[in-house]
Amino acid sequence: MLEVGAGEGGLASWLASRYTYDGLEPDSQAWQVAEERLSRVGGGRVRQLTTSDLELNPSFDLVCAFEVLEHLEHDVEELKRWRRLLHPGGHVLVSVPAHRSRFGPADEAVGHYRRYDRGDLNSLLTRAGLEVLWIEAWGLGLGHLLEWLRHRLASNLRQASAVESSARSGRWMQPGGFPSRALFAALAAPFRLLQHPFRRGSRGIGWIALARNV
């Protein structure tokens, strides 16, 4: 599997302990942290590259990217590159922020070009030549509270370039070391269960989508 935008490797470590993992992370600071975390797992790799640096040959069964597409000006072209990296019948798993109407200061602060309505995401995946299997909502409840807080705090951040803002997105208001991540996961667990019955609706702050290369 390939993770595009591996960030500082929090999820990469979990994935690498379970799958044959390859990650891409162009930001040097995030890449160094991800490398250290993967070395402790003893498997997988993160390369300081983008998909533009890869030969577009079918090499993976799964390409995943979490909170990446909204940072890219040309999102459909990027998805087409991901499709060319997939074996026939392979899958793309993505998450993106939901609802155009919720675009606000926090989105600008971390370099988002857009947020997506459900129809936007469905159309994007289809235009890239992928078959959409499902799109689910996430972030109901606690996600709304955290997003409100991010918007309030973002109004005090200095303006930055799009590159700086996107690099900052992987670190801003994210839990740092293992104790912080474990505490946040424990606090979030009840909310993940509570939102489960509503995942087919549209009340969350983000979408998770699975699509297949046909």
Side-chain angles (χ1 to χ4, degrees), residues 3-15 25 27 29-30 33-34 37 64-72 75 93-122 124-125 132 134-210:
E3 183 183 12
V4 180
E8 295 189 348
L11 183 58
S13 300
W14 185 89
L15 292 169
E25 175 49 58
D27 178 65
Q29 183 176 339
V33 176
R37 288 180 173 174
C64 56
F66 306 112
E67 310 302 294
V68 170
L69 286 170
E70 65 274 13
H71 293 276
L72 305 175
D75 50 359
L93 179 66
V94 298
S95 69
V96 297
H99 308 303
R100 296 184 192 181
S101 61
R102 298 186 71 88
F103 194 95
D107 295 287
E108 295 177 352
V110 295
H112 289 178
Y113 281 95
R114 69 193 74 81
R115 297 176 74 105
Y116 296 84
D117 289 340
R118 184 190 291 269
D120 297 332
L121 183 55
N122 187 85
L124 174 66
L125 293 164
V132 179
W134 49 258
I135 298 175
E136 296 184 353
W138 66 271
L140 178 67
L142 180 61
H144 287 94
L145 175 61
L146 291 175
E147 185 175 83
W148 174 83
L149 179 61
R150 290 189 189 102
H151 284 317
R152 294 294 299 269
L153 294 176
S155 60
N156 297 319
L157 290 177
R158 69 173 180 83
Q159 294 295 316
S161 69
V163 173
E164 287 178 314
S165 297
S166 290
R168 178 168 62 191
S169 69
R171 295 182 284 273
W172 185 52
M173 289 191 66
Q174 298 297 319
F178 174 77
S180 297
R181 297 197 304 274
L183 176 61
F184 184 83
L187 292 173
F191 293 94
R192 288 200 296 268
L193 293 175
L194 287 172
Q195 71 180 344
H196 190 74
F198 304 99
R199 67 191 188 281
R200 298 294 184 184
S202 58
R203 297 183 181 180
I205 64 165
W207 306 113
I208 300 175
L210 181 69

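The figures that follow rest on heavy atoms only: side chains count, while hydrogens, waters and symmetry mates do not.
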Residue pair Leu124 / Leu69, side-chain heavy-atom distance below 4.5 Å: yes
Partners passing side chain to side chain donor-acceptor pair (under 3.5 Å) against Asp75 (at least two apart in sequence or in another chain): Arg114, Tyr116
Taking every non-hydrogen atom, the tightest pair across Trp207 and Pro97: CD1-O, 4.4 Å
Qualifying residues under salt bridge (Lys or Arg N to Asp or Glu O under 4.0 Å), relative to Arg118, sequence neighbours excluded: none
Counterpart residues, side chain to side chain donor-acceptor pair (under 3.5 Å), relative to Glu3 (two or more places apart): Tyr21
Partners meeting side chain to side chain donor-acceptor pair (under 3.5 Å) with Ser95 (sequence neighbours left out): Glu67
Flag side-chain contact, heavy atom, 4.5 Å: His151 against Asp107: yes
Least distance between heavy atoms, Ser202 atom then Ala137 atom: CA-CB, 4.3 Å
Interatomic spacing from CG in Leu121 to CD1 in Ile208 - rounded to 0.5 Å: 11.0 Å
Residue list, side-chain contact (heavy atoms from CB on, under 4.5 Å) with Arg102, at least two apart or on another chain: His99, Arg115, His144, Glu147, Ile205
Shortest non-hydrogen contact between Ala98 and Gly204, atoms and distance: CB-O, 4.3 Å
Closest contact, heavy atoms only, Gly5 versus Glu25: C-OE1, 3.6 Å
Closest non-hydrogen atom pair between Pro105 and Ser155, with its separation: CB-N, 4.4 Å
Heavy-atom neighbours of Arg199 CZ exceed 12 at 6.0 Å: yes
Salt bridge (Lys or Arg N to Asp or Glu O under 4.0 Å) against Glu70, all qualifying residues, sequence neighbours excluded: none
Gap between atom CG of Leu72 and atom NE2 of His112 - 0.5 Å precision: 10.5 Å
Heavy-atom closest pair, residues Ala34 and Gly7: CB-O, 3.6 Å
Check: Arg37 side chain, Ala12 main-chain N or O, donor-acceptor pair, under 3.5 Å: no
